[in-house]
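Along the sequence shown, the residues carry numbers beginning at 1. The figures that follow rest on heavy atoms only: side chains count, while hydrogens, waters and symmetry mates do not.
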Amino acid sequence: MPERARRGVFRGYVCGQEIEQMSLDGSHYSLTSEILPSLGARSNRRVKLRRFIISPYDRRYRIWESFLVILVLYTAWVSPFEFGFLERPKGALAITDNVVNAFFAIDIVLTFFIAYLDKITYLLIDNPKQIAWRYTSTWLAFDVISTIPSELARKMLPSSLQSYGFFNMLRLWRLRRVSSMFARLEKDRHFNYFWVRCAKLICVTLFAVHCSGCFYYLIAARYHDPSKTWIGASIENFLETSLWIRYVTSLYWSITTLTTVGYGDLHPVNTREMIFDIFYMLFNLGLTAYLIGNMTNLVVHGTSRTRKFRDTIQAASSFAQRHQLPVRLQDQMLAHLCLKFRTDSEGLQQQETLDSLPKAIRSSISHFLFYSLVDKVYLFRGVSNDLLFQLVSEMKAEYFPPKEDVILQNEAPTDFYVLVTGAVDLLVLKNGTEQVVGEANAGDICGEIGVLCYRPQLFTVRTKRLSQLLRLNRTAFLNIVQANVGDGTIIMNNLLQHLKELKDPLMQGILTETENMLARGRMDLPLTLCFATLRGDDLLLHQLLRRGLDPNESDNNGRSALHIAASRGSDNCVLLLLDYGANPNSRDSEGNVPLWEAIMGRHEPVIKLLKDNGANIVSGDVGQFACTAAEQNKLDLLKDIVRHGGDVTLSRSNGTTALHVAVCEGNIEVVEFLLDHGADIDKPDSHGWSPRDLAEQQGHEEIKTLFQSKKEAKNQSTIIVSEQQRVRYLGRFTSEPSLYALYPGGAAIHPEMPWRDRRRRRTDNFHNSLFGIMSAAQTGDKGLVPLTAHVNCSKSCGNYPARVTITCPEKGLVTGKLLLLPQSIEELLAICSQKFGFSPSKVLSKEGAEIDDIQLIRDGDHLIIASDYGTERAKD
């Protein structure tokens, strides 16, 4: 685009804005030759024109243009009439002329404010200077001359040219507006093309007849001897007769000459008239050819379809007779051709119309027409919306007349059909006769078994009445499903389930054969590991794994094949998946891990397999597991969670613990078990309710009594020591003699107390060391009581666990979380995986050193967890 355009010298719309405006107006749907820009053209799309500038596609301006066309029609009649019959202005006709001229003068002024479409940039130019220059250098002079009043023109012209109508003939320049109007109407879908063309031809004919009659009369009126003229020979003193008689006589001569059927009563007399007649009849040759050609074209266009249909029927009949086809086949051929002609004539060419459109519009229309129908077909139940949208876009709508074969038995399975309207019979050929074995109606599918199982079609499908079907090609179908593996599994499941429900010996045989093909991996549909695992088919699973499928692939809920195999107790499938590298600790969207699935199903061999391959329950949402067990009132499940290393006191995402659930269920055994394993009766959930509050609110007296007894037992196990005796925590070193840590209130920490009920103060690193403790004992440091100590390192001091602060820079967690130190590095990584939502591979000290042994960690240490990927990225 030129530099001045970028500086804003002119602004405008691209041609796309023109189309948009035309659609909004509803008054202009034509696409002129100026609508398409050249290849590679660029433009800026604008929404608003400059102030006081009018778009040529504005609805109000279109109304103004239509009004001017009416005035042009008046001008087309009055200008030749005044030129031929009037010598001076007369009364109302002169006044009307000047009023019409005034309207066109207003249009001249208005044109200086009308934007125009630039043919190079295809922008609506709204710069006033450019609009004025374009109009001044093109049509302004013609418009001004054709608007000057005739009275003024007579005074300006020389005496030889002072005829009243001579200057008026210049106003015929305005006829270009009528031509543009008919061009728009011919393309406007609101007007019938045939009648618009007929109106145009009539207007052309009347204008030619009117002008020639006026000109021919002018020759006679200006001749020196009026009696020796064509009209003077039949009407004496014709100049004194009424204007109406002279005008009608002129039109009579003109129309008889135009149609070349003149009666001879009006003919040229002098040389001038003969010369004029010669040129007029030569003009009539071209005009007549134009009129006849256009009318013939319109008539032929209306009858060509019928003629073509008759030729097609004749050709089909000749073909059938020449090859001696059976009568039934002849009837089917003719019925199909007749149906095609009828649908064409009634405007039902759905597929032809769709094929002529861009793919995006075609897909949207197909989605609107057929999506809800295809969605209800049994084969596509449960598939994704994306797959359905793609399938509907590839389907072709076809009409079939009654008693026509859609599919033949034993033909190649290239297509299958979905019925939109109508009904079809399913026929089987037995002992040389056809037997109806079923019927399909709107919403049913035909031919899918042959396509999916890749076997010859089982039935002949024949229409019972006029039917519309959606056809889908097998190749297109498989190409779409290949990109939607999970949906391919759903489709195959739906097919197998449908075959099972039919309870037909033939279908049962097809089902068995299809399952054998599945096991051998010979199906064209893409299948997932989850599909093979759901069926418990370890042979198919092995085939899929050997093809290179990811053993950790999951469905939309995050469930992997190992989850499914563990839940079903398929130890062979579990072993195969583990051998091919499946993650034994993968989590689904609900936090379930394969080990928990196996525990839920009581599949001990699978549990052992998973444990032997590194599975642990801590990798999942243990709080959710415990709550599930409590909801089901299964004490054995809670025991299994504890037996496999899970903490039944953890809460689920909403803060609810298993103890909350057990209280609500009123299960005293589960509550007692949870209390024995450290459940906190005062721990609130997300709503602020604690188990004690729930017991009070629901009136569980036994549970309240149990809570009270547990609380009293806890208080009795506490050793009271003087408030002055306060000990600092020894850290991870336990050596003889041991130390009793005290609460600030003086209560001693008993070794038997659950660790969740103990409180302690964090000490600095100096006091966590053995040297610090010995120094404090010798100097009499307040808060330390020299008791028994163990020299060897362990996680606790007299069963008192150490605490560490964990941070995870990879997850953006800088503040850190305070955790109790477990027994091993592996358990620490598993806990961190649950807390931070990713799988760390190493533990680092605050200074960046990697820690390989849990014994190297002291109470109060600051640890950093990281993965190999995060470490490498940090180095980069």
Side-chain angles (χ1 to χ4, degrees), residues 557-559 563 566-567 569 585 587-604 606-607 610-611 615-711 713-714 754-757 820 827 830-831 833-835:
N557 297 320
R559 285 174 62 82
H563 282 89
S567 66
N585 293 314
R587 290 177 50 145
D588 63 11
S589 58
E590 297 180 356
N592 297 320
V593 291
L595 181 57
W596 170 246
E597 301 280 1
I599 292 172
M600 287 277 289
R602 302 292 183 183
H603 305 305
E604 291 300 331
V606 175
I607 294 174
L610 292 171
K611 294 280 287 184
N616 60 76
I617 200 170
V618 181
S619 300
D621 191 348
V622 181
Q624 176 66 29
F625 303 160
C627 290
T628 300
E631 287 171 353
Q632 298 177 4
N633 293 314
K634 292 183 178 180
L635 182 59
D636 292 341
L637 271 182
L638 288 172
K639 292 180 179 179
D640 288 339
I641 293 174
V642 174
R643 179 164 58 91
H644 293 289
D647 184 358
V648 293
T649 66
L650 296 177
S651 61
R652 57 169 56 149
S653 58
N654 61 359
T656 304
T657 64
L659 187 56
H660 286 86
V661 177
V663 171
C664 292
E665 295 290 334
N667 194 321
I668 189 69
E669 293 182 357
V670 174
V671 171
E672 187 173 4
F673 176 81
L674 292 171
L675 291 176
D676 291 340
H677 286 80
D680 187 357
I681 63 176
D682 294 316
K683 183 176 182 179
D685 59 10
S686 59
H687 300 289
W689 290 83
S690 68
R692 187 199 300 274
D693 298 333
L694 291 175
E696 290 285 347
Q697 191 264 343
Q698 298 182 11
H700 296 305
E701 297 298 333
E702 294 184 6
I703 295 178
K704 289 195 294 183
T705 303
L706 181 61
F707 284 171
Q708 185 64 28
S709 63
K710 289 292 183 180
K711 182 177 181 181
K714 184 187 299 184
W755 57 266
R756 286 187 176 273
D757 293 331
L820 296 170
E827 291 183 16
I831 293 173
S833 173
Q834 178 183 357
K835 295 291 184 182

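- Residues passing the side chain to side chain donor-acceptor pair (under 3.5 Å) test with Glu631, sequence neighbours excluded: Arg652.
- You'll find the side chain of Trp596 stays beyond 4.5 Å of the side chain of Val622, heavy atoms only.
- Contact annotation: the side chain of Asp588 never approaches that of Asn557 to less than 4.5 Å [non-hydrogen atoms, C-beta and beyond].
- Without hydrogens or angle criteria, Ser686 side chain to Asn654 main chain gives a donor-acceptor distance under 3.5 Å.
- Between Cys627 and Ala658, the shortest heavy-atom contact is SG-N, 3.6 Å.
- The side chain to side chain donor-acceptor pair (under 3.5 Å) search around Asp685 returns none, not counting sequence neighbours.
- With hydrogens and angles disregarded, no donor-acceptor distance shorter than 3.5 Å links the side chain of Ser589 to the backbone of Gly558.
- In this structure, Ile617 CD1 and Asn585 CG are separated by 10.5 Å, a value rounded to the nearest 0.5 Å.
- Listed by chain and number, the residues in a side chain to side chain donor-acceptor pair (under 3.5 Å) with His644 amount to none (sequence neighbours excluded).
- A 4.5 Å side-chain heavy-atom check between Val642 and Leu638 finds every atom pair outside the cut-off.
- A donor-acceptor contact shorter than 3.5 Å is absent between the side chain of Asp621 and the backbone of Glu590.
- The closest side-chain heavy-atom distance from Asn592 to Phe625 is below 4.5 Å.
- Proximity of Val661 to Glu665: side-chain heavy atoms (C-beta onward) are separated by under 4.5 Å at one or more points.
- Within the model, atoms NE2 of His687 and CG of Asp693 stand 13.5 Å from one another, a figure rounded to the nearest 0.5 Å.
- Counting non-hydrogen atoms of other residues, nucleotides and ligands closer than 6.0 Å to CD of Glu669 gives a total of 12 or fewer.
- Under a 3.5 Å cut-off, the side chain of His677 and the backbone N or O of Asp647 do not form any donor-acceptor pair.
- For Gln632, the side chain to side chain donor-acceptor pair (under 3.5 Å) partners two or more places apart in sequence, or in a different chain, are Lys634.
- Note that CG of Leu706 is 12.5 Å distant from CD of Glu701, once rounded to the nearest 0.5 Å.
- Distance check: Ile599 CD1 to Leu637 CG gives 8.0 Å after rounding to the nearest 0.5 Å.
- Scanning for salt bridge (Lys or Arg N to Asp or Glu O under 4.0 Å) contacts around Glu696 gives Lys704, with sequence neighbours left out.
- Between Ala598 and Leu610 the shortest heavy-atom distance is CB-CD1, 4.2 Å.
- Taken to the nearest 0.5 Å, the CG atom of Asp680 stands 12.0 Å off from the CG atom of Leu674.
- Residues Glu597 and Ser567 come closest through the heavy atom pair OE1-CB, 3.5 Å.
- Separation of atoms CZ (Arg602) and CD1 (Ile607) is listed at 8.0 Å; rounding is to 0.5 Å.
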**Request:** Begin from the C-alpha positions of His700 and Val663 and carry the test side-chain contact (heavy atoms from CB on, under 4.5 Å) through to its verdict.
**Result:** CA-CA 8 Å; His700 296 305; Val663 171; 4.2 Å; yes
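- Asp640 has its side chain within reach of Arg643: a pair of non-hydrogen atoms, C-beta onward, lies under 4.5 Å apart.
- Taking all atoms of both residues into account, the shortest heavy-atom contact from Ala662 to Ala630 is N-CB, 4.2 Å.
- With sequence neighbours excluded, the residues satisfying side-chain contact (heavy atoms from CB on, under 4.5 Å) with Thr657 are Ser651, Leu659, His660, Lys683.
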